[in-house]
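First comes the structure, then the notes that go with it.
Letters A, B, ... are given to chains in the order of the sequence lines, protein chains preceding strands, and every chain is numbered from 1.
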Protein chains: 2
Amino acid sequence: MAGSGQVRRPRLNRHLVLTEAVAFADANGVGALSMRRLAQQLGVAPMALYKHVTSKDDMLDGMLALLLEDVRETPSTGQWREDLRRRILATRSALIEHPWSQEVLSSRRQMTAAMLDHLDGLVGAMLQGGLPVDLTHHTMHVLGNRMWGFNPELFAATPASDPSFEVQRSALPLRHRHLAEIAAGVDHGAIGVETSRMHDDFEFNFALNLILDGIEEFRNAD
Amino acid sequence: MAGSGQVRRPRLNRHLVLTEAVAFADANGVGALSMRRLAQQLGVAPMALYKHVTSKDDMLDGMLALLLEDVRETPSTGQWREDLRRRILATRSALIEHPWSQEVLSSRRQMTAAMLDHLDGLVGAMLQGGLPVDLTHHTMHVLGNRMWGFNPELFAATPASDPSFEVQRSALPLRHRHLAEIAAGVDHGAIGVETSRMHDDFEFNFALNLILDGIEEFRNAD
DNA sequence: AAAATTGGTGTACGGTGTACGCCTTTCAAG
DNA sequence: CTTGAAAGGCGTACACCGTACACCAATTTT
């Protein structure tokens with residue numbers, strides 16, 4: 001009596017649109033994400049989305065905000081180095097799970113409230129851990145967009161312009177001998193996908209520790 | 001006799017297209033740069049460009065390559081720290097003069113030959129200066145996209161989503177108290193545009209030195 | 001039950017990148 | 001100088017994009 005036999009798509013709302021957009025970008029890349037295609041996936045007319053999102057840019061901002069929400073629940077220990085490290089690593093994890101986020105992030109022209117919230121959380125971790133204001137300020141700058149979990153993968157990339165891929169690949173040590181030299185230092189035996197991810201993680205932590213150590217030492221010097 | 005009285009636009013070539021595209025992006029932003037508009041500015045039909053550029057992406061890659069070319073002429077001293085610093089600062093200068101470059105750079109999915117050349121130059125500076133291969137490798141990772149001259153400007157940005165700008169601005173210390181706290185540390189008196197640029201330069205150098213010092217210390221520890 | 005708000009649709013406009021075929025200019029070889 | 005080939009440039013056309021606007025349908029409020 002109560003429910004009708006007819007199954008109907010639930011009404012849209014902002015959260016639903018954003019989560020579906022994230023899923024779509026995860027599956028097909030953000031380049032393939034258009035309002036029309038997303039609407040189709042939701043079984044809805046393109047313009048229906050605009051009742052929950054003021055523009056595509058607004059939608060992209062909302063998608064990022066969704067990712068950053070998860071990071072904000074990182075627990076605090078009261079030790080600035082540990083807290084900062086945890087938050088940054090949590091961000092990195094979130095963004096790596098959604099590779100499109102880095103591209104979107106770097107295309108935003110304005111800080112959104114969600115991004116400011118996130119940055120405020122980082123600053124708060126340092127100040128509450130006793131780091132002086134000026135050093136905290138410097139640290140934010142030093143971390144740069146490392147705090148966004150982003151770091152270009154140097155050796156995963158190959159030149160796209162040259163169609164003769166094999167030739168280019170074998171010619172790389174000649175043209176870019178220095179790059180080849182340090183790449184060889186990593187490549188003990190065949191290096192797989194999973195090990196390259198481990199390598200990236202290692203480098204990320206190395207860099208993070210270097211920076212945190214540098215800041216710490218700076219503080220002690222005062 | 002020799003020259004006709006009729007003044008004619010010189011023939012297009014790749015370099016001319018790219019330099020004009022750079023000029024257009026400098027003046028109007030890369031968002032306004034479309035093949036049609038660029039063609040119009042060159043007094044040419046849109047499809048004429050495709051005789052010198054295989055696609056818009058190819059054109060954007062070419063524009064970046066143009067900027068990176070200038071950097072490659074940085075002279076060497078044989079001292080890795082100084083050489084590296086010079087190259088990175090030269091890159092930063094080049095990219096700051098063309099703000100659109102950062103957006104384009106971060107939207108590229110593949111390394112181009114020009115980018116690899118640039119990275120190879122950085123690695124070469126370190127190796128020729130006597131830095132061990134593994135530390136050179138680490139350094140490249142630590143520098144991350146700082147070597148691209150890019151660093152998000154935290155305090156220049158304001159939330160775009162909220163239409164009530166004034167309210168948001170005055171409410172910022174409440175919602176983002178930590179951010180406000182470190183921002184206040186900089187804001188001795190009214191801070192102008194030119195001083196904010198000086199501040200960014202200072203922070204950039206602070207970070208760069210921190211990293212280079214950290215690497216140096218790491219080397220001495222071995 | 002009536003009114004008002006919200007959600008969803010259909011159409012249309014001005015933009016985009018670029019494939020394809022054709023014409024014109026320039027240059028090289030005879 | 002003539003001639004043929006190659007390269008440069010043009011016009012049209014297509015599929016796609018974001019989204020303004022007017023309208024209808026569903027839901028909630030009165």
hbond_proxy Arg36(B) side chain to dG15(C) base (donor-acceptor, 3.5 Å cutoff): no

OP1 or OP2 of dT6(C) under 4.0 Å from side-chain N/O of His52(A): no

Shortest non-hydrogen separation from Met35(A) to Leu49(A) and the atoms involved: O-CD1, 3.3 Å

For atom OH of Tyr50(B) and atom P of dC20(C), their distance in whole Å: 14 Å

Met35(A) side chain, from C-beta outward: closest of dT18(C), dG8(C), dT19(D): dT19(D)

Residue-phosphate contact under 4.0 Å: Arg37(B) side-chain N/O, dG15(C) OP1/OP2: no

Lys56(A) side chain near dG18(D) phosphate (N/O to OP1/OP2, under 4.0 Å): yes

With Arg72(B) via side-chain hydrogen bond (donor to acceptor under 3.5 Å, both in side chains) - residues at least two apart: none

Rounded distance in Å - CG (Leu42(B)) to P (dG9(D)): 10 Å

Thr54(A) or Ser34(A), whichever maps to the more 5' nucleotide of DNA chain D: Ser34(A)

Asp61(A)/Lys56(A) salt bridge by N-O under 4.0 Å criterion: no

Pairing of Arg108(B) and Asp57(B) as salt bridge, 4.0 angstrom limit: yes

Gap between atoms CG and C1', on Asn13(A) and dT27(D) respectively (whole Å): 15 Å

Donor-acceptor under 3.5 Å (Asp83(B) side chain, Ala125(B) main chain): no

Distance in angstrom units between Gln40(B) CD and dG11(D) P, rounded: 13 Å

Euclidean distance, atom NZ of residue Lys51(B) to atom P of dG11(D) [Å, nearest integer]: 13 Å

Distance-only donor-acceptor test (3.5 Å): side chain Arg11(B), base dG9(D): no

Protein-nucleotide distance (Leu38(B), atom CG; dG17(C), atom C1'), rounded to Å: 13 Å

Value in whole Å for how far the P atom of dT26(C) lies from CG of Leu12(B): 13 Å

Along DNA chain D (nearest heavy atom to each residue), the more 5'-positioned of Ala32(A) and Met47(B): Met47(B)

